[in-house]
Protein chains: 2
Amino acid sequence: MRPTIKDVAKKAGVSHTTVSMVIHNDKRITEETRQKVLRAIKEINYYPNYSARSLIQGKSNTIAFVTPFFYFSSFFEIYTMHGLEKYNLDNKNKYVIQQFTTGPDEKRRNDLLLELLYGRRADAIIGLGFVPDIKILEEYRNKNVPIVLIDAKAKYVHIVRADNYYGGYIATEYLIKKGKKNIAIISAQLSASLAPEQRLKGYSDALKANGLDFKKENLIFVEHFLFEEGRQAIREILEKKLNVDAIFSAAGDWVAMGVITEARKLGIKIPQDISIVGYDDIIVSETIIPPLTTVRQPTFDMGKKAFEIAVNAMEGKIIKETEEIFKPELVIRESA
Amino acid sequence: MRPTIKDVAKKAGVSHTTVSMVIHNDKRITEETRQKVLRAIKEINYYPNYSARSLIQGKSNTIAFVTPFFYFSSFFEIYTMHGLEKYNLDNKNKYVIQQFTTGPDEKRRNDLLLELLYGRRADAIIGLGFVPDIKILEEYRNKNVPIVLIDAKAKYVHIVRADNYYGGYIATEYLIKKGKKNIAIISAQLSASLAPEQRLKGYSDALKANGLDFKKENLIFVEHFLFEEGRQAIREILEKKLNVDAIFSAAGDWVAMGVITEARKLGIKIPQDISIVGYDDIIVSETIIPPLTTVRQPTFDMGKKAFEIAVNAMEGKIIKETEEIFKPELVIRESA
DNA sequence: CTGAAAGCGCTTACAG
DNA sequence: CTGAAAGCGCTTACAG
């Protein structure tokens, strides 16, 4: 039904081998033959069958982006994905990006990873928000199929991550320099990403380095990085009468915005009464009133880098596992 | 390197044809043989080669999601994508979703579509934000490869769209019922999607139906659906001394939020002085102060439906082109 | 109930 | 410089 390489061959009056060689720019072909073949390809609208090519080459020319999150739940994920797309687009969409959302079920994710590996369905994996079983990592390693993990840490894989310790440190230090003495931190529960832990450590080290004590009661936990949790957090802080003069939402801007919204409703002046610093710099952070001071993660660049590493590793240009660490930066607006 | 169907056959002591039949649940195979084969598959960790299967079956089991937007620029796109993912996940990821961002270059997009079709790289297309050339639509039609277009209108394809006329109408009608007499509308320039035009028509019809005139000077244009453009729009409205008592941002919530932010900065009370209604109900619309009254589009459901149609059309369960029209609804909060 | 054979559409040594 | 042949890993009639 669709023209094949043989149809092109017939049309051009050459063998299909020759057609294949023209397509692959083999220099042994004469210019004349080349032109003849190219004309035939144009005329009958020939495009190589992708599956046949993959089968014979033993690779899929595909990169799988795997995440457990239910359909793009976070800005982190979205921006990272932007980065992937951008890198690929800049390289003429040389590879196909396949999108896999697995949900939280670990077994399901592992099955998918095995299928991608053994079914030759992807030449590289970019993972976000999880760490595969060590057994799976070993199998990928054996088969020489690269895995790039974003915001995680594991053996045998390439890592792209942000320096969360540094992010926690500079946010806290900034508040201290502004004269704040009693800074609460809102932190996520510990997860696969280690980010919460590292930010917390940055926070407490910054306190210590400036002669302030880490107070356990100033640590507020949050579970889902939600706006609503921020509103609750500030109420909790007030109820406990912690008398804080600043809040660092290491659990993201979303939570920070909840804090701001609720605080203003309660008549608290920001930043005069309480200063707020967020984390992430999501697209809406500068539109809230007052605009949010926050730690920006270079998620877009991280996505690009992840893709670049995946491509280079696939193509054999990288042999050893790499670890790219991105420095976050403080974006100063009006909330602190 | 990776085990093939022949390795399974050898291990199980049967022919590879039998293995294939077991994999495809052919009932002619005895239970005993079945078990033997299944055991062998488990033991040597066999997964079918995806490319080989695609080649022989003449299909890729892949749905391509194509959009010209640079890396997920809009919430509309993100939510739609959520819907696709969700539908697929609920169906055990039966199909693979491939993600293609083409950028604004039309030729590039057409090339991609031809390649997907003739290279047998996708069994169906879901497109957002563009209409392919009629020639391409015809070729897809001839080859019986379904295209589902979201938020567009074209021949030969399945359509999933929202009723933008209705959305424009109910938003305007609501403002009128609230006693507003001089309602400005912020509209996007006309685009491929027709949405701006239809919303505008809904707006002006609602005015007429309630004895109000459509005034040309009350129509403000915006280009990129941006927050910043909303800020500019309200300044423009004030400078022109239009004396409006309400603004309907048919160009989306993002713009509406710009209007609100700038208006408050200028000391305008919302909704008392000027009421604002947005369009889309993006995730942040309820977090702004005052929370935004807006027209919600069921984008998530639209994405799900688009995927469902694509699947059913691929599988021959739908023959004729369908058109699914979703009704938007007014979400009443505090800005109007 | 199972297997041998043909074939999907390519690419890649190899021969001439 | 070009072509015939083998083969990638499957599936699907067909034969027994």
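Chain naming here is simple, since letters A, B, ... match the order of the sequence lines and numbering starts at 1 in each.
Among the atoms of the strands shown, only primed sugar atoms or phosphate atoms (P, OP1, OP2) are found under 4.0 Å from some heavy atom of B:Thr33. When heavy atoms are screened at a 4.0 angstrom cut-off, B:His16 is found touching base atoms of the nucleic acid. As judged by a 4.0 angstrom heavy-atom cut-off over every strand, B:Leu55 is placed among the base-contacting residues. Among the heavy atoms of the strands lying under 4.0 Å from B:Arg28 is at least one base atom, whether or not backbone atoms are also near.
Between A:Asp105 and A:Arg109 there is no salt bridge, since no side-chain N of the basic residue sits under 4.0 Å from a carboxylate O of the acidic one. Of the charged side-chain nitrogens involved, none lies within less than 4.0 Å of a carboxylate oxygen, so that A:Glu138 and A:Lys155 do not count as a salt-bridged pair. Using a 4.0 Å cut-off between charged side-chain N and carboxylate O, B:Arg28 and B:Asp26 make a salt bridge.
B:Tyr50 places its OH atom 16 Å from the C1' atom of D:dT11, with the value rounded to the nearest Å. Rounded to an integer number of Å, the gap from B:Lys10 NZ to C:dT2 P is 20 Å. Taking atom CZ of residue B:Arg53 and atom P of nucleotide D:dC10, one finds them 8 Å apart after rounding to whole Å. Taking atom CG on B:Asp26 and atom C1' on C:dT2, their separation rounds to 10 Å, with Å as the unit. Atoms CG (B:Asn61) and P (D:dT11) sit 11 Å apart, rounded to a whole Å. Summarising the geometry, the separation between NZ on A:Lys27 and P on D:dC1 is reported as 12 Å, rounded to the nearest angstrom. Rounding to whole angstrom units, CD of residue B:Gln57 and P of D:dT12 are separated by 6 Å. Taking atom CG on A:Asp7 and atom C1' on C:dC10, their separation rounds to 13 Å, with Å as the unit.
Residue B:Thr17 has no polar side-chain atom (N or O) positioned under 4.0 Å from OP1 or OP2 of D:dT12. OP1 or OP2 of D:dC10 lies within a sub-4.0 Å distance of a side-chain N or O belonging to B:Tyr46. Phosphate proximity of D:dG9 to B:Thr4: absent, as no side-chain N or O sits under 4.0 Å from OP1 or OP2. Residue B:Thr18 has no polar side-chain atom (N or O) positioned under 4.0 Å from OP1 or OP2 of C:dT2. One finds no side-chain N or O of B:Arg120 lying less than 4.0 angstrom from the OP1 or OP2 phosphate oxygen of C:dG9. For the pair B:Thr30 and C:dT2, the criterion of a side-chain N or O lying under 4.0 Å from OP1 or OP2 is met. Distances shorter than 4.0 Å separate none of the side-chain N or O atoms of B:Ser20 from OP1 or OP2 on D:dC10.
Of all heavy-atom pairs spanning A:Val96 and A:Tyr50, the tightest one is CG2-OH, 3.6 Å.
In this structure, D:dC1 and C:dG16 make a Watson-Crick or G-U wobble pair, each of the two defining distances being under 3.5 angstrom.
Residues B:Val19 and A:Gly13 each lie close to DNA chain D; by heavy-atom proximity, the contact nearer the 5' end of the strand is made by A:Gly13.
Formation of a donor-acceptor pair under 3.5 Å by the B:His158 side chain with backbone atoms of B:Thr322 is found in this model.
Side chain to side chain, B:Ser20 and B:Thr17 fail the donor-acceptor criterion of an N or O pair below 3.5 Å.
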